[in-house]
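Reviewing the structure listed below.
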There are 2 protein chains.
Amino acid sequence: MTDATPARRGRQLPTADELRIWRDFIETTAALGSRLESRLQSDSSLSTGDYAVLLALSEAQGQAMRSSELAAHIGWERSRLSHHLGRMERRGLIRRQECATVPRGAEVLLTTAGAEAFKGATVPHLRAIRELFVDALTPDQIVAAGEIATALRARLDALRAE
Amino acid sequence: MTDATPARRGRQLPTADELRIWRDFIETTAALGSRLESRLQSDSSLSTGDYAVLLALSEAQGQAMRSSELAAHIGWERSRLSHHLGRMERRGLIRRQECATVPRGAEVLLTTAGAEAFKGATVPHLRAIRELFVDALTPDQIVAAGEIATALRARLDALRAE
DNA sequence: ACCTACCGGTTGACGTGTCAATGATGCTAA
DNA sequence: TTAGCATCATTGACACGTCAACCGGTAGGT
């Protein structure tokens, strides 16, 4: 897949066309993310981070999860999660308590306020995804977007492993 | 382009497939952005914000620009730019002075340290873009990525205008 | 002349993210 | 037993972004 055409071989830097597409792509996806963020914020007073945490907890057994389990599930560093949980706890969306089974473990619990906030956020959030992403693209483009994401992810993973 | 197929008409929420692609897409592009950020950071001790500012100033007449002109050029809010320039000024990358021509205007100047930092950052940064983006995709996928970005941008602009 | 309204830019408060350091606790090997 | 060592989680310092308030000055309308 890499360097498939002769013209690409041996070149070190992107062409002007590639660079333009890169800029369009990275800036537009960033703008898309922040638009989603602000939609979620005004619809529900939640950030996408809050949403990710609440989603994971909602689907968990007993609406509770060990902290590092949660971090792994949503792909965050523990430090980030810890800061975020602190803010969410202040707002009453979750609670933390000592974990009975694992020493030194922290159990994160969904509060009723958290569950309700999540419930109220879901439909507007999904609707926003549809408006801003699904409806913006043709079915072919959606498939292509999935393939592009997969290819980029593979590259990121390959370079991380190395 | 929107609601092109009968099956899509009238539905409010994304399907499970669309949602999966959405998540892959938005998370992967976000990861790509932060990987680029950290590459730039370790190669050059610059953030992508620093890079954008330095790039604009490098290309400007006299390597200087009015503050709000600069903000418009790179598409930032004035407040964001002001904060960022404060940090960059502390590090000696730029300088600010009263603008001679426009009363109440601030002129942003590139320092020699800033120019050198930018010069040293360019090649590694472009190389990283090639490795992480261009080389990860087939030529067709790059074209598709450009078209997807264009379509998403059009949607964002349309909804912002409304 | 005066009041108002905008304009360019800064500031403060706060949410968010990363990195490195710190505690607290168990596991393992000399 | 004890000296490391990894693991789980938190913390502090700092960079970055947004929002709203603010400040100083210019321009228009009366």
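Note on naming: letters A, B, ... go to the chains in the order of the sequence lines (proteins, then strands), and numbering restarts at 1 for each one. In this text the structure is predicted, and so the values were computed from the model without any measurement.
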For nucleotides 5-7 of chain D, tabulate all protein N/O to nucleotide N/O atom pairs closer than 3.5 Å, reporting atom names and distance.
none

With sequence neighbours excluded, what pairs up with [X] under the side-chain hydrogen bond (donor to acceptor under 3.5 Å, both in side chains) test?
X: A:Arg91; value: A:Asp50
X: B:Ser68; value: B:Arg66
X: A:Glu69; value: none
X: A:Glu89; value: A:Arg96

Whole angstroms only, please: what is the [atom1]-[atom2] distance between [X] and [N]?
X: B:Glu107; N: C:dT10; atom1: CD; atom2: C1'; answer: 17 Å
X: A:Glu98; N: C:dA24; atom1: CD; atom2: P; answer: 12 Å
X: B:Met65; N: C:dG8; atom1: CE; atom2: C1'; answer: 15 Å
X: B:His84; N: D:dT18; atom1: NE2; atom2: C1'; answer: 15 Å
X: B:Gln97; N: C:dT10; atom1: CD; atom2: P; answer: 13 Å
X: A:Arg95; N: D:dA9; atom1: CZ; atom2: P; answer: 17 Å
X: B:Glu69; N: C:dG9; atom1: CD; atom2: P; answer: 9 Å
X: A:Glu37; N: D:dT18; atom1: CD; atom2: C1'; answer: 11 Å

Legend entry - Full working for side-chain contact (heavy atoms from CB on, under 4.5 Å) between A:Gln63 and A:Leu109: CA-CA 6 Å; A:Gln63 309 201 316; A:Leu109 311 180; over 6 Å; no
Donor-acceptor contact below 3.5 Å, side chain [X] vs main chain [Y]:
X: A:Thr138; Y: A:Gln141; answer: yes
X: A:Thr111; Y: A:Gly92; answer: yes
X: A:Ser38; Y: A:Arg35; answer: yes
X: A:Thr28; Y: A:Phe25; answer: no

Legend entry - Selection: residues 40-63 of chain A, any non-hydrogen atom under 4.0 Å of DNA chain C: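 Per residue number, the list reads A:Ser47.
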Legend entry - Within residues 86-94 of chain A: residues closer than 4.0 Å to DNA chain C (heavy atoms): A:Arg87, A:Arg90
Inset, instruction - Among residues two or more places apart or on two chains, list those pairs meeting ring-ring contact (aromatic ring centres under 6.0 Å, His included) that have a residue in residues 136-162 of chain B. - result: none
Inset, instruction - Using a cut-off of strictly less than 4.0 Å between a heavy atom of the residue and any atom of DNA chain D, enumerate the qualifying residues of residues 113-126 of chain A by number. - result: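 Of all residues in residues 113-126 of chain A, none places a heavy atom under 4.0 Å from DNA chain D.
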Legend entry - Flag for B:Arg87-B:His84: side-chain donor and acceptor within less than 3.5 Å: yes
Heavy-atom check, side chain of [X] versus side chain of [Y], under 4.5 Å:
X: B:Pro124; Y: B:Arg39; value: no
X: A:Trp22; Y: B:Leu36; value: yes
X: B:Asp17; Y: A:Ile142; value: no

Inset, instruction - Compare side-chain N and O positions of A:Arg96 against OP1 and OP2 of D:dA9 and report whether any pair is under 4.0 Å apart. - result: no
Legend entry - Connected-component partners of B:Tyr51 among ILVMFWY, side-chain separation under 4.5 Å: B:Leu40, B:Leu46, B:Val53, B:Leu54, B:Leu55, B:Leu57, B:Met65, B:Leu70, B:Ile74, B:Trp76, B:Leu81, B:Leu85, B:Met88, B:Leu93, B:Ile94, B:Val108, B:Leu110, B:Phe118
Legend entry - First encountered from the 5' end of DNA chain C, between B:Ser34 and B:Leu81: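 The residue closer to the strand's 5' end, by nearest nucleotide, is B:Leu81.
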Sub-3.5 Å pairs of nitrogen or oxygen atoms, protein against nucleotides 19-22 of chain D:
unit_1: D:dC19; atom_1: N4; unit_2: B:Ser79; atom_2: OG; d: 2.6

Legend entry - Any residue meeting side chain to side chain contact (heavy atoms under 4.5 Å, CB included) with B:Arg127, in chain and number order, not counting sequence neighbours: A:Gln12, A:Leu13, B:Val123, B:Glu131
Inset, instruction - Could you check whether A:Ser82 gets within reach of a base, just the sugar-phosphate, or nothing at all, counting any heavy atom under 4.0 Å? - result: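 Answer is base: heavy atoms of A:Ser82 come under 4.0 Å of a base.
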